[in-house]
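We're numbering straight along the sequence, starting at 1.
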Amino acid sequence: MVWKKTPAEGKNPGAPAADEKMAERMAALMARYCGGDIAAFHELYAALAPRILGYLTGLAGDRATAEDLLQQTFMKLHEARPAYVRGANPVPWLYTIAHRTCLDEIRRRKRARVRISSDGNLPYEPSVDITGVANPQAAVDEAAIASGLAALASLPTTLRQAVLLTKIHGHSSAQAATIAGTTAGAIKVRAHRGYLALRRKLAGPGAESPAAVGTP
(Lines give C-alpha, C1' and ligand atoms only; values in the text may rest on other atoms or scores of the structure.)
Protein backbone atom coordinates (compact mmCIF):
# COMPACT_ATOMS: atom_id res chain seq x y z
CA MET A 1 0.00 0.00 0.00
CA VAL A 2 1.32 3.45 -0.86
CA TRP A 3 0.81 5.96 1.93
CA LYS A 4 -0.32 9.05 0.05
CA LYS A 5 0.50 12.57 1.09
CA THR A 6 -2.34 14.81 2.11
CA PRO A 7 -2.87 18.14 0.33
CA ALA A 8 -1.31 19.82 3.34
CA GLU A 9 1.98 17.99 2.64
CA GLY A 10 2.19 18.90 -1.03
CA LYS A 11 3.18 22.26 -2.46
CA ASN A 12 -0.11 23.73 -3.52
CA PRO A 13 -0.01 27.57 -3.71
CA GLY A 14 -3.80 27.75 -3.66
CA ALA A 15 -4.16 25.69 -0.49
CA PRO A 16 -3.71 28.55 2.04
CA ALA A 17 -6.33 30.66 0.28
CA ALA A 18 -8.74 27.73 0.15
CA ASP A 19 -8.14 26.95 3.82
CA GLU A 20 -8.75 30.59 4.71
CA LYS A 21 -12.03 30.65 2.81
CA MET A 22 -13.07 27.40 4.50
CA ALA A 23 -12.22 28.85 7.92
CA GLU A 24 -14.21 32.01 7.17
CA ARG A 25 -17.22 29.96 6.03
CA MET A 26 -17.11 27.76 9.13
CA ALA A 27 -16.74 30.82 11.38
CA ALA A 28 -19.75 32.44 9.73
CA LEU A 29 -21.82 29.27 10.15
CA MET A 30 -20.77 28.95 13.78
CA ALA A 31 -21.72 32.56 14.45
CA ARG A 32 -25.16 31.98 12.92
CA TYR A 33 -25.53 28.77 14.91
CA CYS A 34 -24.67 30.58 18.15
CA GLY A 35 -27.35 33.09 17.22
CA GLY A 36 -29.97 30.35 17.10
CA ASP A 37 -29.95 29.53 13.38
CA ILE A 38 -30.70 25.79 13.24
CA ALA A 39 -30.08 25.68 9.47
CA ALA A 40 -26.52 26.86 10.14
CA PHE A 41 -25.97 23.91 12.47
CA HIS A 42 -27.08 21.47 9.77
CA GLU A 43 -24.65 23.07 7.30
CA LEU A 44 -21.86 22.98 9.86
CA TYR A 45 -22.58 19.33 10.65
CA ALA A 46 -22.70 18.34 6.96
CA ALA A 47 -19.36 20.06 6.31
CA LEU A 48 -17.43 18.80 9.33
CA ALA A 49 -19.00 15.55 10.53
CA PRO A 50 -17.32 13.32 7.89
CA ARG A 51 -13.89 14.72 8.78
CA ILE A 52 -14.46 14.40 12.52
CA LEU A 53 -15.86 10.89 12.10
CA GLY A 54 -12.80 9.88 10.07
CA TYR A 55 -10.52 11.24 12.78
CA LEU A 56 -12.44 9.52 15.58
CA THR A 57 -12.50 6.23 13.67
CA GLY A 58 -8.75 6.36 13.22
CA LEU A 59 -8.19 7.25 16.87
CA ALA A 60 -10.71 4.85 18.43
CA GLY A 61 -10.43 2.16 15.76
CA ASP A 62 -14.10 1.27 16.01
CA ARG A 63 -16.75 2.70 13.66
CA ALA A 64 -19.64 2.21 16.10
CA THR A 65 -17.71 3.84 18.93
CA ALA A 66 -16.64 6.68 16.62
CA GLU A 67 -20.24 7.36 15.64
CA ASP A 68 -21.23 7.59 19.32
CA LEU A 69 -18.29 9.87 20.00
CA LEU A 70 -19.24 12.04 17.03
CA GLN A 71 -22.68 12.65 18.52
CA GLN A 72 -21.12 13.40 21.91
CA THR A 73 -18.72 15.82 20.25
CA PHE A 74 -21.48 17.84 18.61
CA MET A 75 -23.54 17.76 21.81
CA LYS A 76 -20.57 19.22 23.67
CA LEU A 77 -20.15 21.80 20.91
CA HIS A 78 -23.78 22.78 21.40
CA GLU A 79 -23.31 23.09 25.16
CA ALA A 80 -20.10 25.10 24.73
CA ARG A 81 -21.56 27.67 22.33
CA PRO A 82 -21.45 30.49 24.92
CA ALA A 83 -17.64 30.08 25.09
CA TYR A 84 -17.16 30.45 21.33
CA VAL A 85 -15.28 33.58 20.24
CA ARG A 86 -17.11 35.07 17.27
CA GLY A 87 -14.98 35.15 14.12
CA ALA A 88 -12.62 32.38 15.23
CA ASN A 89 -12.21 29.26 13.13
CA PRO A 90 -14.29 26.60 14.95
CA VAL A 91 -12.65 23.62 13.21
CA PRO A 92 -9.59 23.23 15.52
CA TRP A 93 -11.91 23.75 18.49
CA LEU A 94 -14.21 20.97 17.27
CA TYR A 95 -11.22 18.66 16.74
CA THR A 96 -10.09 19.41 20.29
CA ILE A 97 -13.52 18.51 21.66
CA ALA A 98 -13.53 15.28 19.61
CA HIS A 99 -9.97 14.44 20.67
CA ARG A 100 -10.68 14.85 24.37
CA THR A 101 -14.00 13.04 24.13
CA CYS A 102 -12.28 10.07 22.52
CA LEU A 103 -9.44 10.00 25.04
CA ASP A 104 -11.97 10.07 27.89
CA GLU A 105 -13.67 7.05 26.33
CA ILE A 106 -10.35 5.24 25.86
CA ARG A 107 -9.43 5.86 29.49
CA ARG A 108 -12.86 4.74 30.60
CA ARG A 109 -12.44 1.44 28.79
CA LYS A 110 -8.83 1.19 29.95
CA ARG A 111 -7.57 0.46 26.49
CA ALA A 112 -5.73 2.32 23.75
CA ARG A 113 -5.64 -0.27 20.99
CA VAL A 114 -7.95 -0.93 18.08
CA ARG A 115 -10.22 -3.85 18.85
CA ILE A 116 -11.36 -6.49 16.41
CA SER A 117 -14.99 -6.15 15.36
CA SER A 118 -17.55 -8.85 16.25
CA ASP A 119 -17.10 -10.57 12.89
CA GLY A 120 -13.34 -10.88 13.43
CA ASN A 121 -12.34 -8.24 10.88
CA LEU A 122 -10.50 -5.00 11.41
CA PRO A 123 -12.95 -2.08 11.20
CA TYR A 124 -12.37 0.75 8.76
CA GLU A 125 -14.05 3.98 7.76
CA PRO A 126 -15.72 3.52 4.33
CA SER A 127 -16.46 7.20 3.71
CA VAL A 128 -13.04 8.57 4.68
CA ASP A 129 -9.88 7.27 3.06
CA ILE A 130 -6.71 6.52 5.02
CA THR A 131 -5.40 9.75 3.46
CA GLY A 132 -8.14 11.71 5.22
CA VAL A 133 -9.98 12.53 1.99
CA ALA A 134 -13.76 12.20 2.20
CA ASN A 135 -15.60 10.00 -0.29
CA PRO A 136 -12.60 8.08 -1.72
CA GLN A 137 -12.72 6.63 -5.20
CA ALA A 138 -14.34 3.23 -5.50
CA ALA A 139 -11.12 1.83 -6.90
CA VAL A 140 -9.37 2.05 -3.53
CA ASP A 141 -8.55 -1.44 -2.32
CA GLU A 142 -10.51 -2.11 0.90
CA ALA A 143 -7.90 -4.63 2.00
CA ALA A 144 -5.22 -1.95 1.64
CA ILE A 145 -7.27 0.45 3.76
CA ALA A 146 -7.72 -2.20 6.44
CA SER A 147 -3.98 -2.91 6.31
CA GLY A 148 -3.19 0.77 6.69
CA LEU A 149 -5.52 1.14 9.67
CA ALA A 150 -4.10 -1.99 11.27
CA ALA A 151 -0.60 -0.52 10.96
CA LEU A 152 -1.83 2.80 12.31
CA ALA A 153 -3.51 1.07 15.24
CA SER A 154 -0.29 -0.70 16.21
CA LEU A 155 1.50 2.58 16.89
CA PRO A 156 1.80 3.97 20.42
CA THR A 157 -1.14 6.28 21.15
CA THR A 158 0.85 9.53 21.04
CA LEU A 159 2.41 8.67 17.67
CA ARG A 160 -0.94 7.58 16.25
CA GLN A 161 -2.57 10.85 17.33
CA ALA A 162 0.22 12.93 15.77
CA VAL A 163 0.05 11.03 12.47
CA LEU A 164 -3.75 11.32 12.32
CA LEU A 165 -3.74 15.04 13.03
CA THR A 166 -0.87 16.11 10.76
CA LYS A 167 -0.28 13.49 8.07
CA ILE A 168 -3.89 12.43 7.51
CA HIS A 169 -6.08 15.35 8.56
CA GLY A 170 -3.63 18.03 7.45
CA HIS A 171 -3.43 20.12 10.62
CA SER A 172 -0.36 22.26 11.18
CA SER A 173 1.97 21.28 14.03
CA ALA A 174 0.66 24.22 16.05
CA GLN A 175 -2.97 23.23 15.52
CA ALA A 176 -2.24 19.59 16.30
CA ALA A 177 -0.40 20.61 19.47
CA THR A 178 -3.41 22.63 20.62
CA ILE A 179 -5.74 19.71 19.95
CA ALA A 180 -3.49 17.14 21.63
CA GLY A 181 -2.51 19.37 24.53
CA THR A 182 1.24 19.31 23.89
CA THR A 183 3.91 21.35 22.10
CA ALA A 184 4.44 21.83 18.37
CA GLY A 185 7.95 20.40 18.72
CA ALA A 186 6.63 17.23 20.34
CA ILE A 187 4.01 16.87 17.61
CA LYS A 188 6.65 17.17 14.87
CA VAL A 189 8.81 14.50 16.49
CA ARG A 190 5.89 12.15 17.09
CA ALA A 191 4.48 12.61 13.59
CA HIS A 192 7.90 11.97 12.01
CA ARG A 193 8.52 8.83 14.09
CA GLY A 194 5.00 7.59 13.51
CA TYR A 195 5.17 8.17 9.76
CA LEU A 196 8.49 6.35 9.47
CA ALA A 197 7.14 3.46 11.54
CA LEU A 198 4.08 3.21 9.31
CA ARG A 199 6.20 3.11 6.17
CA ARG A 200 8.22 0.27 7.64
CA LYS A 201 5.12 -1.63 8.73
CA LEU A 202 3.43 -1.24 5.34
CA ALA A 203 6.64 -2.24 3.56
CA GLY A 204 6.65 -5.61 5.32
CA PRO A 205 7.84 -7.34 8.50
CA GLY A 206 11.46 -7.34 7.48
CA ALA A 207 11.54 -3.57 7.09
CA GLU A 208 10.35 -2.69 10.61
CA SER A 209 12.70 -1.81 13.43
CA PRO A 210 10.89 -1.79 16.79
CA ALA A 211 13.66 0.25 18.42
CA ALA A 212 12.82 3.19 16.14
CA VAL A 213 9.26 3.49 17.44
CA GLY A 214 9.42 5.59 20.58
CA THR A 215 7.75 8.58 22.14
CA PRO A 216 9.42 11.85 22.99
Side-chain angles (χ1 to χ4, degrees), residues 6-9 12 14-109 123-136 160-182 184 187:
T6 65
E9 293 180 89
N12 183 358
D19 290 343
E20 186 175 345
K21 288 182 179 179
M22 176 67 171
E24 291 175 355
R25 176 171 172 255
M26 293 302 102
L29 286 173
M30 188 66 191
R32 286 170 48 199
Y33 173 39
C34 289
D37 188 340
I38 300 302
F41 169 76
H42 291 299
E43 289 185 53
L44 195 70
Y45 186 91
L48 299 179
R51 294 169 57 183
I52 299 299
L53 180 59
Y55 174 65
L56 288 170
T57 302
L59 191 58
D62 183 328
R63 174 61 185 266
T65 298
E67 289 177 342
D68 289 340
L69 293 173
L70 178 69
Q71 301 309 313
Q72 291 181 42
T73 295
F74 275 92
M75 286 178 62
K76 289 180 180 180
L77 177 71
H78 177 78
E79 295 169 353
R81 284 182 303 165
Y84 173 68
V85 178
R86 300 293 181 100
N89 181 5
V91 177
W93 187 38
L94 187 58
Y95 266 93
T96 301
I97 294 173
H99 181 88
R100 292 175 180 172
T101 299
C102 187
L103 290 188
D104 286 344
E105 177 66 12
I106 289 174
R107 294 188 187 104
R108 189 183 72 81
R109 297 189 178 193
Y124 66 92
E125 167 55 53
S127 62
V128 180
D129 192 5
I130 193 68
T131 62
V133 179
N135 299 320
R160 185 168 74 249
Q161 292 167 355
V163 170
L164 280 166
L165 288 169
T166 61
K167 302 295 185 181
I168 297 178
H169 287 263
H171 289 287
S172 67
S173 296
Q175 291 174 331
T178 299
I179 293 169
T182 185
I187 285 291

How close do Gly87 and Ala27 get, counting heavy atoms only, and between which atoms? O-CB, 3.8 Å

CZ/Arg32: more than 12 non-hydrogen atoms of other groups inside 6.0 Å: yes

Does the Thr178 side chain pair with the main chain of Ala174, one donor and one acceptor, at a distance under 3.5 Å? yes

Among Ile52, Leu70, Leu29, find the one that has a side-chain contact (heavy atoms from CB on, under 4.5 Å) with Tyr45. Leu70

How long is the span from the SG atom in Cys102 to the CG atom in Leu56, to the nearest 0.5 Å? 5.5 Å

Minimum heavy-atom distance Ala176-Thr166, with the two atoms named: CB-CG2, 3.8 Å

State, with a plain yes or no, whether a side-chain heavy atom of Arg81 is found less than 4.5 Å away from one of Leu77. no

Is any side-chain heavy atom of His99 less than 4.5 Å from a side-chain heavy atom of Tyr55? yes

Taking all heavy atoms of Glu105 and all of Leu69, pick out the closest pair and write down the distance. CB-CD2, 3.8 Å

Please assess Arg51 against Val91 for the test side-chain contact (heavy atoms from CB on, under 4.5 Å), listing each intermediate value before the final yes or no. CA-CA 10 Å; Arg51 294 169 57 183; Val91 177; 3.8 Å; yes

To the nearest 0.5 Å, what is the distance between CZ on Arg25 and CG on Asn89? 12.0 Å

Check Thr101 against Ile97 and note the closest heavy-atom contact, atom names and distance. OG1-O, 2.7 Å

Roughly how far apart are Gln72 CD and Glu79 CD, rounded to 0.5 Å? 10.5 Å

Assess whether side-chain contact (heavy atoms from CB on, under 4.5 Å) is satisfied between Leu94 and Thr73, documenting all intermediate values. CA-CA 7 Å; Leu94 187 58; Thr73 295; 3.5 Å; yes

Parallel under 30°, tilted from 30 to 60°, perpendicular over 60°: which one fits the rings of Tyr84 and Trp93? parallel

Distance in Å, Met30 CE paired with Leu48 CG, rounded so as to fall on 0.5 Å steps: 10.0 Å

For the NZ atom of Lys76 and the CD atom of Gln71, what is their distance to the nearest 0.5 Å? 13.0 Å

Test log, rule side-chain contact (heavy atoms from CB on, under 4.5 Å), inputs Ile38 and His42: CA-CA 7 Å; Ile38 300 302; His42 291 299; 3.6 Å; yes

Determine whether a donor-acceptor pair (N or O, by modelled atom type, separation under 3.5 Å) exists between the side chain of Glu67 and the backbone of Ala64. no

Any side-chain heavy atom of His78 within less than 4.5 Å of one from Tyr33? yes

I need the minimum non-hydrogen distance between Thr57 and Ala66, along with the two atoms involved. OG1-CB, 3.4 Å

Taking atom CE as the centre, does Met22 end up with more than 12 heavy-atom neighbours from other residues, nucleotides or ligands that are less than 6.0 angstrom away? yes

What pair of heavy atoms forms the shortest contact from Ala47 to Met26, and how long is it? CB-CE, 3.9 Å

side-chain contact (heavy atoms from CB on, under 4.5 Å) between Gln175 and Leu165, worked out: CA-CA 9 Å; Gln175 291 174 331; Leu165 288 169; over 6 Å; no

